[in-house]
Amino acid sequence: MAQPRRRRPERAEQYESPTYRDLQSRLAATVRRLRAEKGWTQEEAAHRCGMTTRHLQGVEGEDVNATFTTLARLCEGFEVDVTQLFQSPK
């Protein structure tokens, strides 16, 4: 089982804010949905997005703090606009 990620104590509160958790949840759900719609495995999606499978798993599992680079890779790999990554679940 993976160890919880250590974060800087002065930033811990940011990672628990409702806004942060909502954005992270929306991103994860959207990536999972897009991958399922395309019929891709996590490995294939990661390859198409130019990232490691582990990193994609972290996005889908709400375990990473996605950077602009990660968002850009997801947009390019899934051929979507960044706004689509954060849409509310239907």
Side-chain angles (χ1 to χ4, degrees):
M1 183 175 202
Q3 293 291 324
R5 185 170 181 173
R6 289 187 293 169
R7 302 186 189 273
R8 292 183 177 175
E10 65 271 18
R11 294 185 185 167
E13 194 174 298
Q14 293 172 328
Y15 294 109
E16 296 305 320
S17 77
T19 302
Y20 178 85
R21 302 297 289 162
D22 180 56
L23 289 170
Q24 194 176 42
S25 177
R26 287 183 190 201
L27 178 63
T30 300
V31 170
R32 287 190 302 266
R33 180 182 54 79
L34 290 170
R35 186 173 60 76
E37 286 174 0
K38 294 188 179 281
W40 294 347
T41 63
Q42 286 181 327
E43 291 81 10
E44 184 174 3
H47 174 74
R48 290 176 181 261
C49 293
M51 61 180 65
T52 65
T53 303
R54 181 78 178 115
H55 192 70
L56 182 76
Q57 289 170 336
V59 171
E60 287 190 4
E62 301 179 33
D63 295 327
V64 298
N65 183 24
T67 64
F68 281 118
T69 303
T70 298
L71 296 176
R73 288 176 176 176
L74 291 168
C75 289
E76 290 172 4
F78 286 107
E79 298 178 329
V80 296
D81 183 79
V82 70
T83 59
Q84 292 175 270
L85 293 179
F86 295 101
Q87 291 178 343
S88 294
K90 296 173 182 167

Minimum heavy-atom separation for C49 to G77, with atom names? SG-CA, 3.7 Å

Nearest heavy atoms of A28 and V59, plus distance in Å: CB-O, 3.3 Å

Can V80 and L74 be said to form a side-chain contact (heavy atoms from CB on, under 4.5 Å), step by step? CA-CA 8 Å; V80 296; L74 291 168; over 6 Å; no

With sequence neighbours left out, what residues match R26 under salt bridge (Lys or Arg N to Asp or Glu O under 4.0 Å)? D22

What pairs meet the salt bridge (charged side-chain N to carboxylate O under 4.0 Å, His left out) rule with one or both residues in residues 67-79, with sequence neighbours excluded? none

Residues which pass side chain to side chain contact (heavy atoms under 4.5 Å, CB included) with A66, listed by chain and number, not counting sequence neighbours: L27, T70, L71

Tell me every residue that passes salt bridge (Lys or Arg N to Asp or Glu O under 4.0 Å) with E37, counting only those two or more places apart in sequence or in another chain. R33

Sequence neighbours excluded, which residues qualify as side chain to side chain contact (heavy atoms under 4.5 Å, CB included) partners of T19? S17, L23

Taken in chain and number order and not counting sequence neighbours, the residues that satisfy side-chain hydrogen bond (donor to acceptor under 3.5 Å, both in side chains) with T69 are none

Holding to side-chain hydrogen bond (donor to acceptor under 3.5 Å, both in side chains), I want the full list of residues that pass it with E60, two or more places apart in sequence or in another chain. R35, Q42

Where R21 and E62 come nearest, the two heavy atoms and their spacing: NH2-OE1, 4.4 Å

Which pairs count as ring-ring contact (aromatic ring centres under 6.0 Å, His included) when at least one residue sits in residues 56-85, sequence neighbours excluded? W40-F78

Quick one: which residue pairs count as a side chain to side chain donor-acceptor pair (under 3.5 Å) with a foot in residues 44-53, not counting sequence neighbours? E44-R48

Let me confirm one number: the CG-CD distance from N65 to Q24, rounded to the nearest 0.5 Å. 7.5 Å

